[in-house]
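For reference, the structure discussed in these notes is given below.
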Amino acid sequence: MIDWDALEAAALDARDRAYAPYSRYRVGAAILSEDGRVYAGANIENASYGLCLCAERVAVAAAVMDGRTRFAALVVATEGPRVAAPCGACRQVLVELPPRFPVRCITATSDERIETDVASLQPHAFDGGFLASDD
């Protein structure tokens, strides 16, 4: 059972901790591991935009560093009146994490939300199954 309210609260809290001095567009994410642990992340900007870290990948990295690689749900919380889904780089990272889990995108200033799942975010995804195996 997914406690969406708790996961949304964790994502919103993470969003408040974002480091976004350039765009001022703060994003927070909270990912729920299959064993019930929640890992949060926030975007971390850099003057060299290509070096920025997205909230979703920060949350995934925290989970992986704690030994978690299977997930049950993800919430992404953005700023402003419009809800935004994960960027392409984050979608690629998420699609490789088993199993295909639900994703909810929210903003604190609107009732608008996106309800989807990882497979729908990245249809026809390139993943490890396309790479040659050592067998």
Side-chain angles (χ1 to χ4, degrees):
M1 180 66 158
I2 299 168
D3 183 348
W4 286 105
D5 290 337
L7 206 54
E8 286 183 16
L12 289 166
D13 182 58
R15 188 198 62 184
D16 290 342
R17 298 172 188 219
Y19 178 72
Y22 305 103
S23 72
R24 299 205 183 354
Y25 188 76
R26 299 176 304 156
V27 180
I31 194 163
L32 176 67
S33 67
E34 281 190 336
D35 66 356
R37 296 177 192 228
V38 174
Y39 298 89
N43 61 316
I44 303 168
E45 290 185 349
N46 188 284
S48 175
Y49 283 134
L51 299 179
C52 295
L53 299 172
C54 295
E56 299 90 330
R57 287 181 282 151
V58 171
V60 167
V64 169
M65 289 302 299
D66 196 37
R68 304 302 182 272
T69 57
R70 295 187 61 83
F71 302 98
L74 171 71
V75 170
V76 179
T78 54
E79 286 202 316
R82 295 182 57 208
V83 176
C87 74
C90 289
R91 291 174 190 211
Q92 180 62 40
V93 169
L94 295 171
V95 79
E96 295 198 33
L97 302 171
R100 301 298 191 245
F101 50 88
V103 176
R104 180 178 285 180
C105 304
I106 64 167
T107 179
T109 58
S110 167
D111 289 335
E112 180 186 356
R113 64 183 53 231
I114 297 170
E115 301 269 353
T116 189
D117 59 58
V118 172
S120 297
L121 283 172
Q122 188 80 339
H124 312 290
F126 179 84
D127 62 21
F130 290 94
L131 303 175
S133 69
D134 293 336
D135 297 336

Worksheet entry | Test ring-ring contact (aromatic ring centres under 6.0 Å, His included) applied to Y25 - qualifying residues, sequence neighbours left out | none
Rounded distance [0.5 Å steps], [atom1] in [X] versus [atom2] in [Y]:
{"X": "I106", "Y": "E112", "atom1": "CD1", "atom2": "CD", "answer": "12.0 Å"}
{"X": "L74", "Y": "L121", "atom1": "CG", "atom2": "CG", "answer": "8.5 Å"}
{"X": "F101", "Y": "D117", "atom1": "CZ", "atom2": "CG", "answer": "9.5 Å"}
{"X": "R15", "Y": "E8", "atom1": "CZ", "atom2": "CD", "answer": "11.5 Å"}
{"X": "L97", "Y": "R68", "atom1": "CG", "atom2": "CZ", "answer": "14.0 Å"}
{"X": "I44", "Y": "R17", "atom1": "CD1", "atom2": "CZ", "answer": "12.5 Å"}

Fill in: Chi angles and distances behind the side chain to side chain donor-acceptor pair (under 3.5 Å) call for S33, D35
CA-CA 5 Å; S33 67; D35 66 356; 2.3 Å; yes
Discussion item. Around atom CZ of R70, are there more than 12 heavy atoms from other residues, nucleotides or ligands closer than 6.0 Å?
Written reply: yes
Practice prompt. Mind checking side-chain contact (heavy atoms from CB on, under 4.5 Å) for D111 and listing every partner two or more places apart, or none if nothing turns up?
Written response: none
Item to complete: Please report the shortest heavy-atom distance between V76 and P86, naming the atom on each side.
Response: CG2-CG, 4.1 Å
Worksheet item: How would you list, by chain and number, every residue that makes a salt bridge (charged side-chain N to carboxylate O under 4.0 Å, His left out) with R26, sequence neighbours excluded?
Response: D16, E79
Discussion item. Would you say that C87 contacts E56 through its side chain, given a criterion of any heavy-atom pair below 4.5 Å between the two side chains?
Written reply: no
Discussion item. Check whether E45 reaches the backbone of Y22 with its side chain - one donor and one acceptor, N or O, closer than 3.5 Å.
Written reply: yes
Practice prompt. Assess whether side-chain contact (heavy atoms from CB on, under 4.5 Å) is satisfied between D66 and R37, documenting all intermediate values.
Written response: CA-CA 10 Å; D66 196 37; R37 296 177 192 228; 3.7 Å; yes
Worksheet item: Are L94 and F71 co-members of a hydrophobic cluster defined by side-chain heavy atoms under 4.5 Å apart?
Response: yes
